[in-house]
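Beneath this line is the structure, given in structure tokens, with notes to follow.
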Amino acid sequence: MKKRSSKLIEIQKLDLSEFDLPSLQNLTNEINSNIKKCEFKKNIKISISSNYTTSFFVKILKVLLINKKISSEIIESEFDSLKFDTIDFSRKIWKSKSDFLFFMPSHLNLLFPPKLNDSKLNIIKNAKKELNFWKKVWNQTDKTIIQTTFDPPFFSPLGLDDSIKYGGLHHYIRLVNSFLTDNAPSNVNLIDIESLLINNSESNWKDSRMYYLTKQPFNMETIPALAKAISGRIEGSLGLSKKVIVTDLDNTLWGGVLGDDGYNGIICDNNTPEGEAFYNFQKYLKKLSSQGIVLTICSKNDEKIVKEAFKKNKNFALQYKDFSVVKANYKDKAKNINEISKILNLNIDSFVFIDDSKIECELVKKIIPNIQVINLDSSEPSNYINKIETYNLFNFKNITKEDLKRTESYKKIREYDEVKTKSSNIDFFLKDLSPKIYLKKVDKISVTRSSQLLGKTNQFKFNNKIFSEKELLKIKDRTIVLSFEDKFQNYGIIGVLVYELDKKNKSLFINNWVMSCRVFSRRIEDLIIEFFIKKANNLNYDSIGFDFNISEKNIYLQNFLKQLNFKLSKQKTKYSLKITELKKPKKSYIKLNNKL
């Protein structure tokens, strides 16, 4: 039994990005009841409803989730259940306690497929009816839904014109999919089947033999790509997607070795096939940065030479200022990466390390097992982007303005840290920052960022309880959104607190509270506790309580709670303390703007 469990643990250490179907199928044999002995970040329950057979797919999905340290219980409905589940909302899938609902509709079940003599107006009208049907389905739950778009047809009635002409079935499917994409609520995550097929050459959604044999329309080689896309979307929805890229330079960001070839000799331009591949890779990273992914450098180079290269080589798509932290020295890379983690105050399991050296990759992976390592083949720079994309590491479902400003925000934080280090009086320093905090009820403008924060695995987070946007808006009167600014920058929304009034015990009870690590050590938490004490006194309540789970990540929060006089225990999750027994919070020097 122990041997089987140890193999499961090995699955968690493997790089499955390029595993083909037979290799993944071999791993499915290692799944058994001992799965609970493995280390998992999350335990989830998924209910699947489909117009297809999903048994082969489910086995592969389970392996990929184990690899991401997510334990899953997957409940399959019977074949072709989706057409019943989407019209009868009393069926068991709607009553289940699942965390995720996964829908796989087939084009064969479209309600109003076009006729050749249908007018353009009538086709658009029918496509909107399809949308309204799905809107009704989506409105049945606040749970996270992952859904594939309608698949391409088995045959094309209009031949090559079928996908571009009104009246064509493929054109109608694309029209319906575009309506679904444009109108999907925040809890609905759509997986575009056409994009998946285009990006995976071995995939085929028109395997008629497989369909007639098993009622699965796609070939077996499509399963890994589909399961990787779904597992990546689940990981993102759980707040486990990656936030930071740590990249090497030589033969990674450009071709050649800077120290040997000089800034004029390295390759990154539009003049050669190799140079264009590196240039497009830089453009790809810059695009990720614009979407909130933090870029950093870890390279065995001289920092002065690196700065010179970015300044004088005019062919680069990236600039030196695009990187929040640069570690260009000759220390071992694992040490440098850990230092980057400390500077950004972000957990290492949100990092991706990219390097062309297999030795460096293996060394980093050995010393920092929680980091995602991607070893690029420098002989094929044209494949760099595809290689990274196969991992499905980043989640861009709901990009907020805080995400878009993240790189600039971390640069300002470095300025703050430098000034703080030089200050001999921390109280004077904090006061001199002219800090301001704004408390508001959650609303339609702030709800996306609020739900996003509660879904992350932050170092200041009381428990694993998450709230969808719909759920937060339903309890807006007891959901506080925290925004913060000081003389360095406006940080935007940095925290969310959900609470309730426990009238029976005369206690203010915190259901969950999360804050961004970007504002640690500003004494914001002291101000909020002080605010809650006053609120409790005004209500004649005598205690403050909360749900709290001790974890390796929330050490900062544990220390804060201990300072307040809470006695923490791994065997305990519910806490309460009389206000008279609370130790006085530290003075924050923060100006409070209460807009509740």
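What's counted below: heavy atoms across the whole structure, side chains too, no hydrogens, waters or symmetry copies. Heads up: numbering here begins at 1 and tracks the sequence.
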Can you see whether Glu469 engages Ser451 through a side-chain donor-acceptor pair at a distance of less than 3.5 angstrom? no
Take atom NZ in Lys335; do more than 12 heavy atoms of anything else shown fall under 6.0 Å from it?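 No, because the 6.0 Å sphere around NZ of Lys335 holds 12 heavy atoms or fewer from other groups.
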More than 12 non-hydrogen atoms from neighbouring residues, nucleotides or ligands closer than 6.0 Å to NZ on Lys45, yes or no? yes
Any donor-acceptor pair under 3.5 Å from [X] side chain to [Y] backbone:
X	Y	answer
Asn375	Asp355	yes
Arg518	Tyr491	yes
Asn199	Ser195	yes
Gln282	Phe316	no
Gln459	Asn345	yes

Using side chain to side chain donor-acceptor pair (under 3.5 Å), reason through Thr222 and Asn219 one step at a time and then give a plain yes or no. CA-CA 6 Å; Thr222 301; Asn219 66 353; 2.4 Å; yes
Considering all heavy atoms, the nearest [X]-[Y] contact:
X	Y	answer
Leu346	Cys517	CD2-SG, 3.4 Å
Tyr52	Pro105	OH-O, 3.0 Å
Gly492	Asn490	N-OD1, 2.9 Å
Ile267	Gly275	CG2-CA, 3.4 Å

For the pair Val325 and Ile297, evaluate side chain to side chain contact (heavy atoms under 4.5 Å, CB included) and give the outcome as yes or no after the intermediate values. CA-CA 6 Å; Val325 183; Ile297 290 172; over 6 Å; no
Ring center gap for Phe179 and Trp134 short of 6.0 angstrom: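 Phe179 vs Trp134: aromatic centres not under 6.0 Å.
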Taking the ring of Phe218 and the ring of Phe57, is the distance between their centroids below 6.0 Å?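 Phe57 vs Phe218: aromatic centres not under 6.0 Å.
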Take the angle between the ring planes of Phe154 and His107 and call it parallel below 30°, perpendicular above 60°, tilted in between.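 Taking His107 first and then Phe154, their aromatic rings stand perpendicular (interplane angle over 60°).
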Indicate the ring-plane relationship of Tyr556 and Phe520, choosing parallel, tilted or perpendicular according to the 30° and 60° boundaries. parallel
Can you sort out the partners of Lys41 under side chain to side chain contact (heavy atoms under 4.5 Å, CB included), two or more places apart, ordered by chain and number?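 Lys41 satisfies side chain to side chain contact (heavy atoms under 4.5 Å, CB included) with Lys69, Leu240, Asp349 once adjacent residues are dropped.
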I'd like to know whether Asp377 forms a side chain to side chain donor-acceptor pair (under 3.5 Å) with Asn383, so could you lay out the CA-CA distance, the side-chain angles of the two residues, the decisive distance to 0.1 Å, and finally the verdict. CA-CA 8 Å; Asp377 181 359; Asn383 195 44; over 6 Å; no
Sort and list the pairs that fulfil salt bridge (charged side-chain N to carboxylate O under 4.0 Å, His left out) and have at least one residue in residues 98-107, not counting sequence neighbours. none
Selection residues 247-273 - residue pairs positive for salt bridge (charged side-chain N to carboxylate O under 4.0 Å, His left out), sequence neighbours left out: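 Qualifying pairs, neighbours excluded: Asp248-Lys333.
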What distance do Ile368 atom CD1 and Asn338 atom CG have between them, rounded to the nearest 0.5 Å?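 Spacing of CD1 (Ile368) from CG (Asn338) equals 4.0 Å.
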Once you round to the nearest 0.5 Å, how far does CZ of Phe323 lie from CG of Leu253?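 Phe323 atom CZ to Leu253 atom CG measures 5.0 Å (nearest 0.5 Å).
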Could you walk me through whether Leu295 and Thr247 pass the side chain to side chain contact (heavy atoms under 4.5 Å, CB included) test, one step at a time? CA-CA 8 Å; Leu295 300 183; Thr247 181; over 6 Å; no
Could you check Ser241 against Phe394 for side chain to side chain contact (heavy atoms under 4.5 Å, CB included), going step by step and ending with a plain yes or no? CA-CA 5 Å; Ser241 55; Phe394 311 109; 5.7 Å; no
Verdict with reasoning, Thr28 to Phe56, per side chain to side chain contact (heavy atoms under 4.5 Å, CB included): CA-CA 10 Å; Thr28 64; Phe56 297 120; over 6 Å; no
What's the verdict on side chain to side chain donor-acceptor pair (under 3.5 Å) for Ser23 and Asp20, showing C-alpha distance, side-chain angles and the deciding distance? CA-CA 5 Å; Ser23 302; Asp20 58 12; 2.7 Å; yes
Any non-hydrogen side-chain atom of Phe19 less than 4.5 Å from a side-chain atom of Val63?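 Contact flag for Phe19/Val63 side chains = no.
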What verdict does the side chain to side chain donor-acceptor pair (under 3.5 Å) test give for Asp15 and Ser17, after you've listed the backbone C-alpha separation in whole Å, the side-chain angles of each residue and the deciding distance to 0.1 Å? CA-CA 6 Å; Asp15 180 352; Ser17 63; 2.9 Å; yes
Side-chain ion pair, Lys387 and Glu380, N-O less than 4.0 Å: no
